[in-house]
S.K.: 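Sharing a structure below in structure tokens format, with a few things to ask.
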Amino acid sequence: MAQIVQEEKQKGGKKKPKKHSTHIDMTPMVDLMCLLITFFMLTVAFSKSKVMDIILPEKIQKNEKVEPPKIADSRTLNIILGPDDKVYWYPGKADPESPPPLQETDFSDTGIRQVLLERNKALFDKITEFEKKVLRGDLKISQDSLWSSIRIIKNEDDTGPIVLIKAYKTSKYKNFVDIIDEMSIVGIARYIFTDISWIEEGMVLTALGGAPAPASAPK
Amino acid sequence: MPKIKMHGRSPNVDMTPMVDLFSLLLTFFMLTATFRPMEPVPVDTPFSISEKPTPDNNYMTVMLAPGAPGTPGKVYFNFDNGPDTILHFRPKILAEMGKHYNITFTPEELATFEKLTESFGVPIQDMKKYLALTDAKERSKFETGVPTDSLDNQLAYWVLYARQVNPAIIAMIKGDATVEYPLVKKVLDILQDKNVNKFSLITNLEKIEVKEAKTE
């Protein structure tokens, strides 16, 4: 951005008082600004990463005796995160004598989400209806009270499934995040992470086409 | 032949509007700029629909990076310096950590540690050597991951002292999508042993629409 400065020639005659031009050469300033803008544009992090909160129940101390909470088998849904982004699920309780067959699905729109949605329909509809009301402006509440109202709806619910999530040893961190995500998309009120049991490990192995389920418990 | 007559106008371009615009842009970018700290290893976080932004202070981050094939992966740790510059949480936590392992850090070392913004994956025994280096490449030699074994569980002590120095601290987990679950489980167990039951998982935003299967 060079600038050609033309000098005015004064032709003889009267001597005029020298006129100083009020023009400031801005070229170096523009150069510098271009550089700075480019630098900031390239280094700026526009999309801040987001966080997803999970709260796990407090660990039970070893010397403490706590009765495990009793949950109805009919409402229980077990989800096992398998290898290669596979998801297995089975309803109810696993009987060590004759383990129930695992249903295989995946993380796509038509996968595990539909399974959960089918079982959680009543609660999901209630939540979406409530959110729609707020969006339409029928109900005027702040974002915070929207969240707490949804929490109350979730707490009152007693028809939705109780989801037990278990991770097989070769599942990935991505699956772990995806399944929590599915829970919040579908609006599951009750879900918990538990350790995978030996029966279920056997079931996964069978589903993978490996060795059949071991007959006796290890340890 | 007649001479081509040059116009007497100077080729001066008025740059004032351009400068105006540039100043505006510059101010905007300078004010909105938040620098991402350079991480010692690239970590691809998974996607989620959560829209909650990451907090600016009062956090500790456990970073799970994929290791060489066949290994469970490395654990890195990081925490912030507190919401106010007079708090100096970073050197305080390091000093506490040093006290536990009988290592005394000099004021210079503490000051160097305070200025670092990236996660570290250094056993406390190597911390002095790590802080003495200024080159990021040289430093990466010591990045063997924070030990998490039951024999030498340094991550647990980092978490313990971070919570002692800054009681308002939030635990965040920044995991690579390909890290296998057992490592995640191990880190969650260590945190839960120290009575941290609420975690924030760092993710990228992804929009999802719920399509309902048609029921006929």
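The basis for the numbers below is simple: all heavy atoms, side chains too, and nothing from hydrogens, waters or symmetry mates. This one's a predicted model, so the numbers in the text were calculated from it and none came from an experiment. Quick note on labels: first sequence line is chain A, next is B, and so on, each numbered from 1.
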S.K.: Working to the nearest 0.5 Å, report the span between CG of A/Asp53 and CD1 of B/Ile170.
M.R.: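 Taking CG in A/Asp53 and CD1 in B/Ile170, the distance rounds to 8.0 Å.
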S.K.: Taking 4.5 Å as the heavy-atom cut-off, does anything in residues 179-191 of chain B contact chain A, and if so which residues?
M.R.: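 Under the 4.5 Å heavy-atom cut-off, B/Val179, B/Glu180, B/Tyr181, B/Pro182, B/Val184, B/Lys185, B/Leu188, B/Asp189 qualify.
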S.K.: Using non-hydrogen atoms only, which part of B/Thr45 is less than 4.5 Å away from chain A: side chain, backbone, both, or neither?
M.R.: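 Nothing of B/Thr45, per the 4.5 Å heavy-atom cut-off to chain A.
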S.K.: Could you tell me whether the side chain of A/Met29 reaches within less than 4.5 Å of the side chain of B/Val19, counting heavy atoms only?
M.R.: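 A side-chain contact exists here, since the closest heavy-atom pair is under 4.5 Å.
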S.K.: So which heavy atom on A/Pro57 is nearest to which on B/Gln192, and how close?
M.R.: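 Scanning both residues, the minimum pair turns out to be O-NE2, 2.9 Å.
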S.K.: Step through the shown structure and confirm whether more than 12 heavy atoms of other residues, nucleotides or ligands are within 6.0 Å of CZ on A/Phe193.
M.R.: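 Yes, because the 6.0 Å sphere around CZ of A/Phe193 holds more than 12 heavy atoms from other groups.
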S.K.: I need the minimum non-hydrogen distance between B/Phe199 and A/Leu56, along with the two atoms involved.
M.R.: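 That closest heavy-atom pairing would be CE1-CD1, 3.4 Å.
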S.K.: Can you tell which part of A/Ile180 gets under 4.5 Å to a heavy atom of chain B, answering side chain, backbone, both or neither?
M.R.: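 When you check distances to chain B, only side chain atoms of A/Ile180 fall under 4.5 Å.
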S.K.: Looking only at non-hydrogen atoms, find the nearest pair between A/Val51 and B/Ser200 and report the distance.
M.R.: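 Distance-wise, the nearest heavy atoms are CB-CB, 3.8 Å.
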S.K.: When rounded to the nearest 0.5 angstrom, what distance separates NZ in A/Lys174 from CG in B/Asp176?
M.R.: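 If I round to the nearest 0.5 Å, the distance is 11.5 Å.
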S.K.: What's the spacing between A/Ile185 CD1 and B/Ser48 OG if we round to 0.5 Å?
M.R.: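 One gets 8.5 Å once the value is rounded to the nearest 0.5 Å.
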S.K.: Please rank B/Lys52, B/Met172, B/Lys198 by heavy-atom pairs under 4.5 Å with chain A and give me the top one.
M.R.: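 Option with the greatest count: B/Lys52.
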S.K.: Does any backbone or side-chain atom of A/Asp195 lie under 4.5 Å from a heavy atom of chain B? Answer side chain, backbone, both or neither.
M.R.: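 For A/Asp195, side-chain heavy atoms alone lie under 4.5 Å from chain B.
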S.K.: Which atom names give the shortest non-hydrogen contact between B/Ile49 and A/Ser184, and what distance separates them?
M.R.: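 Closest approach of B/Ile49 to A/Ser184: CD1-OG, 3.9 Å.
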S.K.: Between A/Ile37 and B/Phe22, is there a side-chain heavy-atom distance shorter than 4.5 Å?
M.R.: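 Yes, their side chains come closer than 4.5 Å.
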S.K.: For A/Asp181 versus B/Ser50, what's the shortest heavy-atom pair and its separation?
M.R.: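 Looking at all heavy atoms of both residues, the closest pair is OD1-N, 4.5 Å.
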S.K.: Starting at CG of B/Leu205, measure out to CE of A/Met52 and round the result to the nearest 0.5 Å.
M.R.: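 Rounded to the nearest 0.5 Å, the CG-CE separation comes out at 11.5 Å.
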S.K.: What part of B/Met30 gets closer than 4.5 Å to chain A, counting heavy atoms only: side chain, backbone, both or neither?
M.R.: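 Contact with chain A: backbone and side chain both.
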S.K.: Under 4.5 Å between any side-chain heavy atoms of A/Phe176 and B/Leu201, yes or no?
M.R.: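 When only atoms from C-beta onward are counted, B/Leu201 and A/Phe176 do touch, with a gap below 4.5 Å.
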S.K.: Return the minimal non-hydrogen interatomic distance between A/Lys172 and B/Thr178, and the atom names on each side.
M.R.: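 Result for this residue pair: CD-O, 2.9 Å.
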